[in-house]
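Chain identifiers are assigned alphabetically (A, B, ...) following the order of the sequence lines, protein sequences preceding nucleic acid strands; residue numbering begins at 1 within each chain.
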Amino acid sequence: MPDNAPRTIVPLAIAPALLHWYDHNARDLPWRARPGSNAPDPYRVWLSEVMLQQTQVASVIPYFDKFTRAWPTVEALAASEDADLMAAWAGLGYYARARNLLACAREVARRGEFPDTEAGLRELPGVGGYTAAAIAAIAFGRRAVVVDANVERVVSRLFALEEALPGAKARIYALTDTITPELRSGDFAQAMMDLGSGICTARSPKCLLCPLRAHCAGFAGGTPERFPIKSAKPPKPQRHGTMFWLERDGRVLLVRRPDKGLLGGMRALPTGPWADSPPRLEGAPAAAGWQLLDEQVSHGFTHFNLDVALAAATIAAHAGAALPGEWWPVADLESAGLPTVFAKAARTFRRRLCAQ
DNA sequence: GACCCGTGGGG
DNA sequence: TCCCCAAGGGT
């Protein structure tokens, strides 16, 4: 071990150094209490934490602003229509979060307030271990051990943890417990995330700017970017599908996807099955003179990549009345709240069908 | 524990 | 271009 290595990590020295740094370097984010104001609004903390699950701050901010303008309180959100909320969430991803968000808002509105303990929060739909701890600490001033991907990375480096994720999660939680202060654990958690986001980054960490450098075994060892060690991931399979553009009198047929599963509950273009090989016109919403475009759309999901063929047809204004779905004005598709893969396909359809 | 579930940014 | 990654939760 190099001469500059700390002989032992001193857990109690970490929080004061980090909180001092945070007091001078905290990011100004819309869900954080402004200096001099009261404690943050639990509704805004909860909403931001759900939006931030596996999603970066820059992606969340416009959605957070839109949601808090449309629904300023949890009671207002609880009174919203499912379709309005799902459409507002479109593009943010992980759509089960939106379904759970509404269920949670209705539960909280029925109770009259948010639970103010970690265990109580953990019972809410869409609130897991991380989110319950974060809300308890940030909104209610409870001492809680908050572990997200930032904390996993920072702690792995602080302790030069050789055990690989995800197996190391229990060990990381225990180590985080040893450095979490009794007071200001909410600020401590947010400070860890700001540090992970801006300094202790996954690649090329900025150790010379780090307030915890003197306490970091990873830095002392010379290769902090080696941590956290992760087990290898299997490759993503390639799948294929077809989307159908059925137009009638200036409108296009949209359907609602089943509540469970991929893109559950979202508006969508009709699709056939998603299979290992191109399913061609299988699953078309109607018998029609389908024309295959000579252009495809590709999209990556969490666990597979998708290539989509595009089939278009036009039917007469008096036809297709019995088809399930909505005939949506083509000129107003942006307001339909389509998930990104369908928005991509719709843009391609419109470009190719109008440009000929 | 394994698997499912989106999206956009950055190297 | 491609791969990695992110303020995780549900089943």
Legend entry - Side chain of A:His303 - closest among C:dA7, B:dC5, C:dT11: B:dC5

Inset, instruction - Among the candidates B:dC5, C:dC5, B:dG6, find the nucleotide nearest to the side-chain atoms of A:Ala202. - result: C:dC5

Inset, instruction - Starting at atom CE of A:Met266, determine the distance to atom C1' of B:dG6, rounded to an integer number of angstrom. - result: 10 Å

Legend entry - base_contact_polar (B:dG8 base, A:Ser59 side chain, donor-acceptor, <3.5 Å): no

Legend entry - Polar side-chain contact A:Arg27-C:dA7 base: donor and acceptor under 3.5 Å: yes

Legend entry - Joint hydrophobic cluster, A:Phe342 plus A:Val297, side-chain heavy atoms closer than 4.5 Å: yes

Legend entry - Whole-angstrom distance between B:dG11 and C:dA7, as gauged at atom P: 15 Å

Inset, instruction - Would you indicate what A:Lys236 reaches in the nucleic acid, counting non-hydrogen atoms under 4.0 angstrom: base, sugar-phosphate, or nothing? - result: nothing

Legend entry - Sidechain N-carboxylate O distance under 4.0 Å for A:Arg111, A:Asp116: no

Legend entry - Earlier contact from the 5' end, DNA chain C, for A:Gly196 and A:Val127: A:Gly196

Legend entry - Which nucleotide in B:dG6, C:dT11, C:dA6 has an atom nearest any side-chain atom of A:Gln56: C:dA6

Legend entry - A:Leu124 CG to C:dG10 P, straight-line distance once rounded to whole Å: 10 Å

Legend entry - Options C:dC4, C:dA7, C:dT11, nucleotide nearest the side-chain atoms of A:Arg203: C:dC4

Inset, instruction - Write down the distance between OH (A:Tyr94) and P (C:dT11), rounded to a whole number of angstrom. - result: 16 Å

Legend entry - Heavy atoms of other groups near A:Leu183 CG, more than 12 under 6.0 Å: no

Inset, instruction - Could you state the atom-to-atom distance from CD of A:Glu225 to P of B:dG11 in whole Å? - result: 15 Å

Inset, instruction - Provide, to the nearest angstrom, the distance between the CG atom belonging to A:Leu165 and the P atom belonging to B:dG1. - result: 12 Å

Inset, instruction - With heavy atoms under 4.0 Å as the rule, sort A:Ala134 into base, sugar-phosphate or nothing. - result: nothing

Inset, instruction - For A:Pro125, answer base if it contacts any base atom (sugar-phosphate contacts may also be present), sugar-phosphate if it contacts only those atoms, and nothing otherwise; contact means non-hydrogen atoms under 4.0 Å. - result: sugar-phosphate

Inset, instruction - From the options B:dG6, C:dG8, C:dA7, select the nucleotide whose nearest atom is closest to the side chain of A:Leu263. - result: B:dG6

Inset, instruction - For A:Ser204, report the nucleic acid contact type (base, sugar-phosphate, nothing); a contact means any heavy atom under 4.0 Å. - result: nothing

Legend entry - Nucleotide nearest A:Ser197 (side chain, heavy atoms from C-beta), chosen from C:dC5, C:dG10, C:dA7: C:dA7

Inset, instruction - May I ask you to say what A:Gly264 touches in the nucleic acid, namely base, sugar-phosphate or nothing, with a heavy-atom cut-off under 4.0 Å? - result: nothing

Legend entry - Interatomic distance, A:Leu262 CG vs B:dC3 C1' [rounded to whole Å]: 14 Å

Legend entry - Polar contact flag, side-chain donor to acceptor under 3.5 angstrom, A:Asn150-A:Arg153: yes

Legend entry - From C:dC5, B:dT7, C:dA7, nucleotide with atom closest to A:Glu49 side chain: C:dA7

Inset, instruction - State whether the distance check finds a donor on one side and an acceptor on the other, under 3.5 Å, for side chain A:Thr55 versus base B:dG8. - result: no

Inset, instruction - Grab the CD-P distance between A:Glu152 and C:dA6 for me, whole Å please. - result: 8 Å

Legend entry - Side-chain ion pair, A:Asp194 and A:Arg32, N-O less than 4.0 Å: yes

Legend entry - Among C:dA7, C:dC5, B:dT7, the nucleotide that comes nearest once only the side chain of A:Asp148 is considered: C:dA7

